[in-house]
Amino acid sequence: MTDDDVTVLLVDDHHLVRSGLATLVDAADGLRVVGQAADGEEAVALARALGPRVVLMDLSMPVLDGVEATRRIAATQPDVHVVVLTSFSDAARVGDALAAGAVGYLLKDCEPRDLVAAVRSAAQGYAPLDPRVARTLLPGGPAATASPADRLSARERQVLRLVAQGMANKQVARALGISERTVKVHVGNVFRQIGVGDRTSAALWAREHLPD
């Protein structure tokens, strides 16, 4: 355990699930569970008190559901990255969670190594999506892959173009006159919307879908 460990808050209304997740996360190098919550309201309170780097968030919970809990955390703590971990993969739930501010979306039957990789990816500002979820959002075909470009804001397009040029977040921040923290938020949002998980894939996507 070191000060550089990625801190993780687990949110699920089933104790057995939280216990299993805690064992998995704590066993991974560089990851550390700092808290557990059994409902969305408790999750919001613990996120505020503990400031975890990543929150693994269930959706269906008592008191306050995962979507609303995600919305409240994202609105007040932009440095906390919420990754949904649920059994639901329908487009409506996925869309609601991502619109609320979740940076990633995983299904509970994913491989343990994929979950650990997703936590690390989210902590680095990327947007981990289960491939099955990505297919729900972007079912394939030219029309489907074109639509995310229309959803990007002007600022997100600027950030993506600079990322595609090979700039690091600090360089992007300097070029646009904004904070590095803001750049990280924009990068996470862009990756989520275009369905990629790394800067190389984002650069390739930008070259294909964004006009010069």
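These figures come from a predicted structure and were not determined experimentally.
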Any chance you could measure Ser87, atom OG, to Asp58, atom CG, to the nearest 0.5 Å?
-> 7.0 Å
Considering non-hydrogen atoms only, spot the tightest contact between Asp13 and Ser60 and give its length.
-> OD1-O, 3.7 Å
Between the CG atom in Asp29 and the CG atom in Asp5, the distance rounded to the nearest 0.5 Å is 9.0 Å
Work out which heavy atom in Leu46 is nearest to a heavy atom in Ala37; give both atom names and the distance.
-> CD1-CB, 4.0 Å
Enter the distance from Leu9:CG to Glu42:CD here, rounded to the nearest 0.5 Å.
-> 8.5 Å
Take Leu176 and Leu162 through the side chain to side chain contact (heavy atoms under 4.5 Å, CB included) test and state the conclusion after the steps.
-> CA-CA 9 Å; Leu176 297 179; Leu162 295 179; 3.8 Å; yes
Linking I/L/V/M/F/W/Y whenever their side-chain heavy atoms sit closer than 4.5 Å, directly or via other members, would Val187 and Trp205 fall into one cluster?
-> yes
By side-chain hydrogen bond (donor to acceptor under 3.5 Å, both in side chains) - contacts of Asp198 (at least two apart) = Ser201
For Asp109, enumerate each residue passing the side chain to side chain contact (heavy atoms under 4.5 Å, CB included) test, keeping only those at least two apart in sequence or located in another chain.
-> Leu107, Arg132
Pairs satisfying side chain to side chain donor-acceptor pair (under 3.5 Å), at least one member in residues 166-175, at least two apart = Asn169-Arg199
Do you reckon Val82 sits in the same ILVMFWY cluster as Leu59, going by side-chain contacts under 4.5 Å, direct or chained?
-> no
Chi angles and distances behind the salt bridge (charged side-chain N to carboxylate O under 4.0 Å, His left out) call for Lys108, Asp12 = CA-CA 11 Å; Lys108 285 185 175 178; Asp12 197 288; 2.8 Å; yes
By side-chain hydrogen bond (donor to acceptor under 3.5 Å, both in side chains), Arg155 pairs with (sequence neighbours left out) Gln158
Does a side-chain heavy-atom distance below 4.5 Å link Leu85 with Tyr105?
-> no
Among pairs that include at least one residue of residues 63-75, which meet side chain to side chain donor-acceptor pair (under 3.5 Å), considering only residues two or more places apart or in two chains?
-> Glu68-Arg71, Glu68-Arg72
Same cluster for Leu56 and Phe88 if Ile/Leu/Val/Met/Phe/Trp/Tyr side chains link at under 4.5 Å?
-> no
For the residue pair Ala47 and Pro52, what are the closest heavy atoms and their distance?
-> O-CD, 3.6 Å
In terms of hydrophobic clustering (I, L, V, M, F, W, Y; side-chain heavy atoms under 4.5 Å; direct or indirect links), are Met57 and Leu64 co-clustered?
-> yes
Which heavy atom of Val84 sits nearest a heavy atom of Ala102, and at what distance?
-> CG2-CB, 3.9 Å
Interatomic distance, CG@Leu129 vs CG@Leu98, rounded to 0.5 Å, equals 6.5 Å
Nearest atoms (heavy-atom pairs only) where Cys110 meets Leu115 | SG-CB, 4.0 Å
Examine distances only and state if a side-chain atom of Asp26 and a backbone atom of Val33 form a donor-acceptor pair shorter than 3.5 Å.
-> yes
To the nearest 0.5 Å, tell me how far Met167 CE sits from Arg161 CZ.
-> 13.0 Å
Tightest non-hydrogen contact, residues Ala74 and Gly101, listed as CB-CA, 4.0 Å
Can you sort out the partners of Gln36 under side-chain hydrogen bond (donor to acceptor under 3.5 Å, both in side chains), two or more places apart, ordered by chain and number?
-> Arg18
For Ala202, enumerate each residue passing the side chain to side chain contact (heavy atoms under 4.5 Å, CB included) test, keeping only those at least two apart in sequence or located in another chain.
-> Leu160, Phe191, Ile194, Val196
Contacts of Leu31 that satisfy side chain to side chain contact (heavy atoms under 4.5 Å, CB included) - sequence neighbours left out | Val6, Val25, Ala28, Val116, Val119, Arg120
Is the CD atom of Gln77 crowded by more than 12 outside heavy atoms at less than 6.0 Å?
-> yes
Full working for side chain to side chain contact (heavy atoms under 4.5 Å, CB included) between Met61 and Val11 = CA-CA 9 Å; Met61 295 183 294; Val11 185; 3.5 Å; yes
ILVMFWY network linking Leu24 to Val55, side-chain heavy atoms under 4.5 angstrom | no
For Thr182, which residues count as a side-chain hydrogen bond (donor to acceptor under 3.5 Å, both in side chains) partner, sequence neighbours excluded?
-> Ser179
Which ILVMFWY residues are connected to Val185, directly or by a chain of links, through side-chain heavy atoms under 4.5 Å apart?
-> none
At what distance, to the nearest 0.5 angstrom, does CG of Leu16 lie from CG of Leu21?
-> 9.5 Å
Residues passing the salt bridge (charged side-chain N to carboxylate O under 4.0 Å, His left out) test with Arg53, sequence neighbours excluded, are none
Sequence neighbours excluded, which residues qualify as side chain to side chain contact (heavy atoms under 4.5 Å, CB included) partners of Ala122?
-> Val54, His81, Val83, Val103, Pro128
